[in-house]
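Everything numeric here is computed off the predicted structure, so don't read it as measured data.
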Amino acid sequence: MSGRESCGEVPEDVKEAFEAFSDDGVQMHADDLRRFLTDRQGSTEEDASGEAERVFQIFESKFLLEHFHQYLFDTELNPPIKSQVCEDDMSLPLSHYYIHTGHNSYLTGNQLNSDSSVDPIIGALQNGVRVIELDIWPNSTKDDVDVFHGMTLTSAVKFIDCLRAIKDNAFSDSSNTVVVTLEDHLTPDLQEKAAKMITETFGDLLFYPESETTTTTFPSPQFLMKRILISTKPPKEYLKSMVSLDKEVEGKSTDTLSDEKAWGKEVSDYKSELDNKDDDEDEDSDEDDQNIIQTPEYGQIIAIKAGKPKGGLKEALSIDPNNVRRLSLSEQQLLDASESYGTDIVRFTQKNILRIYPKGTRIGSSNYNPFIGWMHGAQMVAFNMQGYGRALWLMQGFFRANGGCGYVKKPDFLMNVGSDNSVFNPQEDPTVKKTLKVKVYNSDGWRSDFSKTHFETYSPPDFYTRVGISGVPADKVMKKTKTVGDCWTPVWNEEFSFPIKVPELAVVRIEVHEYDMAGTDDFGGQTCLPVSLLRPGIRSVPLFNFKGVKFESVKILMKFEFC
């Protein structure tokens with residue numbers, strides 16, 4: 001059957017399901033739909049009864065095959081993932097959670113010469129980001145605090161304006177706690193002024209640690225609901241020289257190359273003389289210094305202390321049973337360290353917080369593979385939210401879990417300790433735990449969200465779909481449907497099978513492209529869905545644009561099945 005002939009067809013699986021669960025093959029009743037939901041869609045009896053009732057309140061006329069198809073294709077009535085927040089899972093310490101984390105949250109564009117503004121901060125918070133990073137420096141007259149990317153040409157925005165933007169928007173999308181990480185380059189007197197700004201702006205929203213010196217465990221997201229936490233290194237002398245971990249671990253990542261092979265080439269990173277330095281590399285250094293100047297007012301508001309002991313990586317990953325802290329590593333430092341210290345990193349993150357940030361060469365605000373951090377237990381995998389691309393789509397998709405609240409509970413295997421004191425080893429190759437079958441039926445909504453000539457000037461588009469898995473390296477795979485020519489409502493009816501070794505971290509990646517014989521294929525839409533939250537059965541999958549904004553109408557009808 002040609003692509004043109006298949007336009008607008010109801011998939012055979014939908015027809016079969018309708019005929020199987022309707023008494024006469026002509027129409028369905030509420031009980032028929034309820035049975036379909038329990039037998040084919042994996043719903044509980046209670047959920048199926050409620051859903052069937054809602055559907056029949058909407059479709060007041062006879063529930064015919066066309067209505068059944070419309071219902072299955074409705075992204076609100078029949079979404080692909082569970083959308084509720086798991087409240088029971090929010091009572092553990094912060095170290096048990098992945099947290100939606102931003103990097104240089106004030107920048108509007110690239111890391112070299114873009115503007116600093118409160119707008120990206122507001123946008124990040126409204127999109128579920130729970131960790132906002134601010135680089136704080138003395139202003140030009142040294143009498144106030146500004147926020148900008150140091151040693152670059154980025155403009156400055158006032159620190160107080162950033163604080164007010166955070167307060168006003170912190171809980172617009174989620175009630176879960178917001179962490180403000182400060183990369184501090186202030187003199188002691190300005191640290192005191194910054195502390196006053198923070199306390200006066202946040203007021204009762206600000207969380208103060210119980211002890212100014214030690215904290216044996218972090219509070220839980222449930223306990224910290226609607227509170228704002230400050231995380232930075234304890235007060236130190238202004239612009240104190242630090243020691244980097246880069247000399248201990250060296251190497252080059254091949255992850256970008258493997259991504260390009262599977263998914264297509266991304267925009268190359270901008271190169272400059274700044275390539276030799278990771279912009280945050282000194283942030284957490286906590287070496288002994290005879291000239292440390294204490295600023296009590298500033299120190300009292302730090303709820304998550306950043307810092308690493310004097311010495312190398314082994315010492316940085318040391319665990320103090322009486323004091324938890326935050327450690328920061330660049331993406332490259334993590335990748336190199338994982339080869340020799342993988343289990344040490346996992347053990348560290350069971351109690352402490354590990355933050356991973358983009359390497360200094362990502363001047364264009366590109367991002368990296370977040371799964372390397374997540375598979376080692378890193379809670380704060382910091383991303384340039386002002387950037388675009390597949391890595392950011394993965395971040396957005398991963399945090400659609402747990403109702404999109406910005407906190408996702410880490411898998412138990414990363415928190416477990418064996419009887420022999422062993423922990424999960426990220427270097428070991430695990431066995432396949434489950435197989436996910438994905439069937440791609442058809443798609444619709446293109447003519448509503450795109451102009452008639454967006455893809456082709458004189459003919460309808462030629463769509464194909466890419467479907468794959470991202471997660472631990474062993475699970476990374478991509479497959480592709482045929483191209484359906486000259487059709488705004490393509491029907492593919494193709495099924496793919498994906499053996500998955502670590503489903504707890506896996507994400508289904510879906511992209512639609514328009515084939516261009518003469519040049520580069522056009523991007524048509526994308527989405528990423530956590531495998532652990534997929535609802536089995538025939539589901540309507542909404543697509544998002546290149547920036548991660550949901551299309552109004554474009555969607556794909558798909559089937560998910562675990563075996």
Side-chain angles (χ1 to χ4, degrees), residues 80-81 98 100-103 109-111 124 127-129 253-270 331-332 334-335 356-359 361-375 381-401 408 438 440 463-481 496 498 500 502 505-516 520-531 541-551 554 556 558:
I81 61 173
Y98 299 119
H100 204 176
T101 302
H103 174 255
N110 67 63
Q111 308 285 307
N127 287 313
V129 174
S253 170
T254 60
D255 188 71
T256 299
L257 298 178
S258 61
D259 269 347
E260 288 183 358
K261 183 177 180 181
W263 290 94
K265 188 174 179 61
E266 293 272 22
V267 177
S268 299
D269 293 336
Y270 179 84
E331 56 171 294
Q332 189 63 55
L334 171 69
L335 189 64
I356 309 301
Y357 58 89
K359 59 186 178 182
T361 56
R362 296 191 181 277
I363 303 302
S365 291
S366 64
N367 285 298
Y368 52 101
N369 180 3
F371 288 98
I372 303 301
W374 289 333
M375 68 187 286
V381 178
F383 259 38
N384 294 311
M385 300 299 175
Q386 67 275 29
Y388 308 116
R390 290 190 175 105
L392 190 57
W393 301 344
L394 286 175
M395 177 69 68
Q396 293 165 343
F398 186 83
F399 280 103
R400 289 191 178 107
V408 174
V438 178
V440 185
F463 287 125
Y464 64 88
T465 298
R466 283 176 164 181
V467 182
I469 301 293
S470 279
V472 300
D475 284 336
K476 186 187 299 183
V477 65
M478 178 276 293
K479 299 181 180 182
K480 176 176 173 283
T481 70
F496 305 100
F498 301 101
I500 304 177
V502 187
L505 294 180
V507 168
V508 178
R509 302 175 64 161
I510 302 161
E511 296 181 14
V512 176
H513 296 266
E514 200 273 335
Y515 175 71
D516 189 341
T520 304
D521 292 352
D522 294 321
F523 171 79
Q526 59 81 25
T527 192
C528 294
L529 304 170
V531 167
V541 178
L543 294 187
F544 297 75
N545 68 14
F546 192 72
K547 296 182 180 180
V549 178
K550 183 179 175 181
F551 288 123
V554 176
I556 302 181
M558 307 182 75

Contact between S366 and P358 at the side-chain level, heavy atoms closer than 4.5 Å - yes or no?
no

Ring geometry between F498 and F496 (parallel below 30°, tilted from 30 to 60°, perpendicular above 60°)
tilted

Using every non-hydrogen atom in the two residues, find where A401 and V408 come nearest and quote the distance to one decimal.
CB-CG2, 3.9 Å

Side-chain heavy-atom pair I510, M558 within 4.5 angstrom cut-off:
yes

Excluding sequence neighbours, so at least two apart, what forms ring-ring contact (aromatic ring centres under 6.0 Å, His included) with F383?
Y368

Closest non-hydrogen atom pair, I372 against P473
CD1-CG, 4.4 Å

For side-chain contact (heavy atoms from CB on, under 4.5 Å), just list the numbers for W374 and V381, CA-CA rounded to whole Å, side-chain angles, deciding distance to a tenth of an Å, and then say yes or no.
CA-CA 7 Å; W374 289 333; V381 178; 3.4 Å; yes

G102 versus V129, closest heavy-atom pair with distance
N-CG1, 3.8 Å

For the residue pair L543 and V512, what are the closest heavy atoms and their distance?
CD1-CG2, 3.7 Å

About how many Å separate NE2 of H513 and OG1 of T520, when rounded to the nearest 0.5 Å?
11.5 Å

Considering only heavy atoms from C-beta outward, does the side chain of R509 approach that of R390 to under 4.5 Å?
yes

Got a second to check how far M385's CE is from N127's CG, nearest 0.5 Å?
9.0 Å

What distance do Y515 atom OH and D521 atom CG have between them, rounded to the nearest 0.5 Å?
7.0 Å

Minimum-distance pair of heavy atoms, taken over all atoms of N110 and I363
CB-O, 3.1 Å

Separation between CG (L335) and NZ (K359), nearest 0.5 Å, reads 9.0 Å

Is the shortest side-chain heavy-atom distance between V508 and I469 below 4.5 Å?
yes

For the backbone of D516 and the side chain of D522, can you confirm whether one donor and one acceptor N or O come within less than 3.5 Å of each other?
no

S365 side-chain N/O to G109 backbone N/O, donor-acceptor pair under 3.5 Å
yes

Rounded to the nearest 0.5 Å, what separates atom OG1 in T527 from atom CD1 in I81?
7.5 Å

Beyond-backbone contact of N384 with Q111, side-chain heavy atoms, under 4.5 angstrom:
yes

Output yes when a side-chain donor or acceptor of R362 lies under 3.5 Å from a complementary backbone atom of N367, and no otherwise.
yes

Between F544 and R400, is there a cation-pi geometry (under 6.0 Å to ring centre, at most 45° from the normal)?
yes

Which pairs of donor and acceptor atoms, one on a side chain in residues 392-399, lie under 3.5 Å apart (sequence neighbours left out)?
residue : atom : partner : partner atom : Å
W393    : NE1  : G389    : O            : 3.4
W393    : NE1  : F546    : O            : 2.9

Gap between atom CG of N545 and atom NZ of K550 - 0.5 Å precision:
12.5 Å

